[in-house]
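Quick note: numbers below take in every heavy atom, side chains included, and nothing from hydrogens, waters or symmetry partners.
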Amino acid sequence: MMKSLLAVVLVGFTLMAGAQDYPAKSIRFVVPYPPGGASDITARVLGQKMGEAWNQQVVVDNRPGANGIIALEYVAKATPDGYTILMANLGPNAINPGVYSKLPYDAVKSFAPVTLTTIVPQVIVANAYLPANNVRQLIVLAKSKPGELTYGNGGNGSANHLAMELFAAMAGVRMTPIAYKGDAPAMIDAVAGQVMLALPTVLAAMPFLNSGKLKAIAVTPKKRVAALSNVPTVAESGIPGLADYESVSWGGVMAPAGTPAPVVQKLNAELVRILKLPDVRERMTGLGADIVGSTPQEFAAYLQEEIAKWGKVARQAGVKLD
């Protein structure tokens, strides 16, 4: 018993001592998705700036699969010293607790929130040849072909899966979800016509929209998105059932639970500083993201609200993955 207690004390002392000269080596920045999505882009922008400021390499480590469970389990079990951090996201961090009865991590207790980085609007996109250019036309088409319209999502139970199910329920239509390991693969198949629709983040969709490979049907926040100012919101469609529709994704940075407070504070201060840089704000807002930069406490409170909100949506949609 005494040996176990001594070991815990020694580990704690070592972590606190290491916090004083943090960071003294490279940092692993874990992303739960493949390259190309909002989380990946955000992590790479932040990681580059962190590396420049601290003169330490920040390695972006993409670990996609299982709705982010693979990545979150890895971070949750990592040494809590600040050298492994997570690009947190709506799906793995706030939706998974509502669609899985058992997870290899606790969405709240396994992580130390650092900062909410961005609020990221979503957009309904379609194959360029789909005979629908707005929400009203899409609903007419979906009602004429019940269950025949397919949409790609980032995985069963992912943020865009639930957002599209919420849209379909409110619109009174039925569409068929096809699961992928992230936004980018779903959009690639939408371009190829393997699926007809997707609901990625605006940030991930912009290259496909700018190239004309996909077309925007509507954005999902309550207000229009500056980067797609000519695209109406779902609520603007004039469909009575969709007047209150709203869905946004978000990104944030977390560390494993037990990470020393001085390390969390140093990460928070640096990330908030980076998010205020003019070139970072221009890059992220140009891609459709709204910059936040919060305290750890504010991020923790926001996470609790999101877990409650999307847990309710999952129950109403009957989405359960185990």
Any donor-acceptor pair under 3.5 Å linking the side chain of Asp21 with the backbone of Ala24? no
Can you tell me how far apart CZ (Phe111) and CG (Asn93) are? Round to the nearest 0.5 Å. 6.0 Å
Do Phe299 and Met254 touch side chain to side chain, with heavy atoms closer than 4.5 Å? yes
When you check the side-chain N and O atoms of Asn67 and Asn156, is any donor under 3.5 Å from an acceptor? no
Side-chain contact test, heavy atoms from C-beta onward, threshold under 4.5 Å: evaluate it for Pro32 versus Leu86 and give yes or no. yes
Does the side chain of Phe208 reach to within under 4.5 Å of the side chain of Val125, using non-hydrogen atoms? no
A cation-pi test, strictly: NZ or CZ of Arg28 under 6.0 Å from the centre of the six-membered ring of Tyr83 and no more than 45 degrees from its axis. Yes or no? no
Closest heavy-atom pair, Gly152 versus Ala186, reported as atoms and distance to 0.1 Å, is C-CB, 3.8 Å
Under 3.5 Å, side chain of Thr259 to main-chain N/O of Ala255, donor-acceptor pair present? no
Closer than 3.5 angstrom, by distance alone: can the side chain of Ser110 be matched with the main-chain N or O of Ala107 as a donor-acceptor pair? no
Heavy-atom donor-acceptor pair, Asp183 side chain to Thr201 backbone, under 3.5 Å: yes
Check this for me: does any side-chain nitrogen of one of Asp279 and Lys49 sit under 4.0 Å from a carboxylate oxygen of the other? yes
Are Ile124 and Val231 in one and the same hydrophobic cluster, where Ile, Leu, Val, Met, Phe, Trp and Tyr link if side-chain heavy atoms are under 4.5 Å apart? no
Flag side-chain contact, heavy atom, 4.5 Å: Gln297 against Pro113: no
Hey, mind stepping through Asn127 and Val191 against side chain to side chain contact (heavy atoms under 4.5 Å, CB included) and telling me if it holds? CA-CA 6 Å; Asn127 177 281; Val191 171; 5.8 Å; no
Indicate whether the side chain of Asp81 and that of Tyr22 have a donor and an acceptor atom separated by less than 3.5 Å. no
Main chain of Thr84, side chain of Asp61: is a donor-acceptor contact present, judged purely on distance under 3.5 Å? no
With clusters defined by side-chain heavy atoms of hydrophobic residues (ILVMFWY) lying less than 4.5 Å apart, directly or transitively, does Phe29 cluster with Trp250? no
Measure across Ala128 and Gly212 and return the closest heavy-atom pair with its distance rounded to 0.1 Å. CB-O, 4.1 Å
Taking all heavy atoms of Pro200 and all of Ala205, pick out the closest pair and write down the distance. CG-CB, 3.7 Å
Hey, what's the ring geometry for Tyr151 with His161, parallel, tilted or perpendicular (30° and 60° as the breaks)? tilted
Going by heavy atoms in the side chains, are Asn153 and Tyr180 under 4.5 Å from each other? no
So if you build clusters from Ile, Leu, Val, Met, Phe, Trp, Tyr with side-chain heavy-atom gaps below 4.5 Å, do Leu275 and Val31 land together? yes
Do the non-hydrogen side-chain atoms of Tyr245 and Lys222 ever get within less than 4.5 Å of each other? no
Is there a donor-acceptor pair under 3.5 Å between the side chain of Ser144 and the backbone N or O of Leu141? yes
Please tell me whether Val45 and Val253 are part of a single hydrophobic cluster in this structure, the criterion being side-chain heavy atoms less than 4.5 Å apart. yes
Quick one: side chains of residues 50-58, donor-acceptor pairs under 3.5 Å with protein atoms, not counting sequence neighbours, listed by atom name and distance.
from  : atom 1 : to    : atom 2 : distance (Å)
Glu52 : OE2    : Gln48 : NE2    : 3.2

As an exercise, state the distance from CD of Glu306 to OG of Ser249, rounded to the nearest 0.5 Å. 8.5 Å
Does a side-chain heavy-atom distance below 4.5 Å link Met87 with Val30? no
Interatomic spacing from CG in Leu303 to CD1 in Ile307 - rounded to 0.5 Å: 4.0 Å
Atom pair CD1 (Ile274) and OG1 (Thr117), whose distance is rounded to the nearest 0.5 Å: 11.0 Å
Closest non-hydrogen contact found for Pro260 with Pro80 is CD-O, 3.2 Å
With clusters defined by side-chain heavy atoms of hydrophobic residues (ILVMFWY) lying less than 4.5 Å apart, directly or transitively, does Leu242 cluster with Leu149? yes
For the side chain of Lys215 and the backbone of Ala132, is there at least one donor-acceptor N/O pair under 3.5 Å apart? yes
Measure the NZ-CD distance between Lys223 and Glu246 for me, rounded to the nearest 0.5 Å. 10.0 Å
Interatomic spacing from CG in Leu138 to CG in Leu130 - rounded to 0.5 Å: 7.0 Å
What pairs with Arg283 under salt bridge (charged side-chain N to carboxylate O under 4.0 Å, His left out), at least two apart in sequence or on another chain? none
Do Tyr105 and Asn96 meet the criterion of a side-chain donor-acceptor pair at a distance under 3.5 Å? yes
Search all heavy atoms of Leu162 against all heavy atoms of Ala314 and return the closest pair with its distance. CD1-CB, 4.1 Å
With no hydrogens and no angle check, is any side-chain donor or acceptor of Asp40 less than 3.5 Å from a backbone partner on Gly36? yes
Tell me, yes or no, whether the heavy-atom count around Lys320 atom NZ, taken from other residues, nucleotides or ligands under 6.0 Å, exceeds 12. yes
Verdict with supporting geometry, Val114 and Leu271, side chain to side chain contact (heavy atoms under 4.5 Å, CB included): CA-CA 9 Å; Val114 177; Leu271 288 165; 3.9 Å; yes
Taking everything shown except Lys213 itself, do over 12 heavy atoms lie less than 6.0 Å from its NZ? no
Within a reach of under 6.0 Å around CZ of Arg174, are more than 12 heavy atoms found that belong to other residues, nucleotides or ligands? no
I'd like to check Leu197 versus Thr150 (side-chain heavy atoms, cut-off strictly below 4.5 Å). Are they in contact? no
Does the pair Lys77/Glu73 count as a salt bridge with the N-to-O cut at 4.0 Å? yes
Just by distance, do the side chain of Asn62 and the backbone of Tyr33 share a donor-acceptor pair under 3.5 Å? yes
Output all residues satisfying salt bridge (charged side-chain N to carboxylate O under 4.0 Å, His left out) with Asp244, sequence neighbours left out; order by chain, then residue number. none
Taking all atoms of both residues into account, what is the closest heavy-atom pair of Lys109 and Ala257, and its distance? O-CB, 3.2 Å
Do Glu298 side-chain atoms and Thr295 backbone N/O form a donor-acceptor pair below 3.5 Å? yes
